[in-house]
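Right, one structure below, let's go through it.
Counting starts at 1 for both ligands and their atoms, following the listed order. Bear in mind that the values here come from a model prediction, so they are computed numbers and not experimental data.
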Amino acid sequence: MTALPLYRSPDELRAALAPLRARGDLGFVPTMGALHEGHLSLIRASAAQSETTVVSVFVNPTQFGPSEDFDAYPRMLQDDIAAAQSAGADVIFAPDKAGIYPEPYRTYIEVEGITGTLCGRSREGHFRGVATVVWKLLQIVDPDRAFFGAKDAQQVRVIRQMVRDLLGRWEIVACPTVREADGLAMSSRNAYLSKKERARAPAIQEALGDAIARIEKGERHAGRIRVGIMERIEAASLRPDYVDVVSLDDLAPVHETQGDILIAVAAFAGATRLIDNVCIHIGDQVEERLP
Ligand code: AMP
């Protein structure tokens with residue numbers, strides 16, 4: 001296999017994509033690298049639906065808070081290129097910071113109303129950074145559709161809102177969360193976990209599974225569902241950052257679980273912050289759905 005073409009600057013990438021776009025649909029998978037099966041599932045979904053799949057690898061500085069892990073975030077571009085290629089990627093875009101944020105840099109995108117809750121509450125400025133970089137990447141790649149993981153359900157909602165509000169024409173596709181055999185949601189940050197922390201981490205998904213089981217049995221009280229999840233997580237010696245039961249529509253807390261609901265958790269295993277969630281539709285039956 002010849003190595004995938006790798007582009008470092010937005011202009012180079014735009015020029016390379018022009019003839020490819022004429023051949024058929026373009027799919028796009030934005031990532032921060034350290035690719036795992038979760039990322040690869042997005043690449044496979046794109047490759048199945050698109051003639052050409054572009055994968056970006058960019059550790060976006062503006063979505064990290066000052067005390068977060070930007071410097072420590074794993075970087076392994078050569079491995080990522082090989083993994084992306086095996087999953088069906090055709091082009092890699094790995095810009096440097098100056099290519100995305102030319103100095104002096106002054107413009108950001110702020111999505112209102114749905115970015116102050118959940119991860120937005122504990123990671124101030126996070127979604128401003130996410131929205132800004134995703135908008136830029138979508139502008140540069142200009143795909144027919146872009147693929148995002150349900151693991152970051154709030155991110156999916158924020159990006160959908162941004163694209164709708166700013167009249168973008170890209171289709172936003174959400175894909176299911178990919179998990180380890182014991183249920184832990186795959187994440188590049190799982191590499192930070194010690195053996196002990198790794199053994200405790202599946203409690204997050206187990207707590208969410210319990211919550212669904214209780215809802216299936218008729219529980220509709222969001223407060224009790226929250227407390228049940230919180231207790232299960234604390235019992236596993238994890239430290240909850242938040243446990244919230246919100247409406248999938250506006251991400252506002254609900255009292256009663258009805259309709260389309262997102263149950264979202266962030267919890268620390270040692271110093272590592274892990275997130276997970278379930279999206280469900282509660283009608284005559286309880287069905288999992290995508291954000
Ligand atoms: P990241 O590199 O963490 O910015 O993630 C890039 C994309 O991969 C985002 O759309 C994530 O939601 C998605 N992603 C990350 N982990 C998973 C997973 N376990 N399952 C599915 N998608 C994922």
Original post:
In terms of heavy-atom contacts, does CD of Gln258 have more than 12 from other residues, nucleotides or ligands at under 6.0 Å?
Top reply: yes
Original post:
Is the shortest heavy-atom distance from the side chain of Phe147 to the side chain of Ser41 under 4.5 Å?
Top reply: no
Original post:
Can you find an N or O of Gly149 that's nearer than 3.5 Å to an N or O of ligand 1?
Top reply: yes
**OP:** Would you verify whether the NZ or CZ of Arg121 falls within 45 degrees of the ring axis of Phe127 while also being under 6.0 Å from that six-membered ring's centre?
**Re:** no
Subject >> Distance-only N or O hit between ligand 1 and Met32, under 3.5 Å >> reply: yes
Original post:
Under 3.5 Å, N or O to N or O, is Ser187 touching ligand 1 that way?
Top reply: no
Subject >> CG on Leu248 to NE2 on His281, rounded to 0.5 Å >> reply: 11.0 Å
Original post:
Which one of His36, Met186, Arg189 has a non-hydrogen atom at the shortest distance from atom 19 (N) of ligand 1?
Top reply: Met186
**OP:** Run the numbers for me: atoms of ligand 1, each under 4.0 Å from some heavy atom of Thr177, listed by number.
**Re:** 20 (N), 21 (C)
Subject >> Residue Thr31 vicinity, atoms of ligand 1 by number, heavy atom under 4.0 Å >> reply: 2 (O), 6 (C)
Original post:
Starting from atom 20 (N) of ligand 1, which protein heavy atom do you reach first, and at what distance in Å?
Top reply: Val178 N, 2.8 Å
Original post:
Do any nitrogen or oxygen atoms of His39 come within less than 3.5 Å of a nitrogen or oxygen of ligand 1?
Top reply: yes
Original post:
Under a 4.0 Å N-O cut-off, is there an ion pair linking Asp69 with Arg273?
Top reply: no
Original post:
With atoms numbered from 1 as shown, which atoms in ligand 1 lie under 4.0 angstrom from a non-hydrogen atom of Pro176?
Top reply: 20 (N), 21 (C)
**OP:** May I ask you to list the atoms of ligand 1 that are less than 4.0 angstrom from any heavy atom of Phe148?
**Re:** 10 (O)
**OP:** Say whether Ala150, considering both its backbone and side-chain N or O atoms, lies within less than 3.5 Å of an N or O atom on ligand 1.
**Re:** no
Subject >> Region of Leu42 that comes within reach of ligand 1 [heavy atoms, distance under 4.0 Å] >> reply: side chain
Original post:
Can you list the atoms of ligand 1 that are under 4.0 Å from a heavy atom of Pro30?
Top reply: 6 (C), 7 (C)
Subject >> atom 9 (C) of ligand 1: nearest protein contact (heavy atom, Å) >> reply: Gln155 NE2, 3.8 Å
Original post:
Which residue owns the protein heavy atom closest to atom 12 (O) of ligand 1, what's the atom, and how far is it?
Top reply: Asp152 OD2, 2.6 Å
Original post:
Less than 4.0 Å between a side-chain N and a carboxylate O, is that true for Arg198 and Asp182?
Top reply: yes
Original post:
Should we count CD of Glu112 as having more than 12 external heavy atoms under 6.0 Å?
Top reply: no
Original post:
Hey, any chance Val57 and Val141 share a hydrophobic cluster, counting ILVMFWY side chains that come within less than 4.5 Å of each other, even indirectly?
Top reply: no
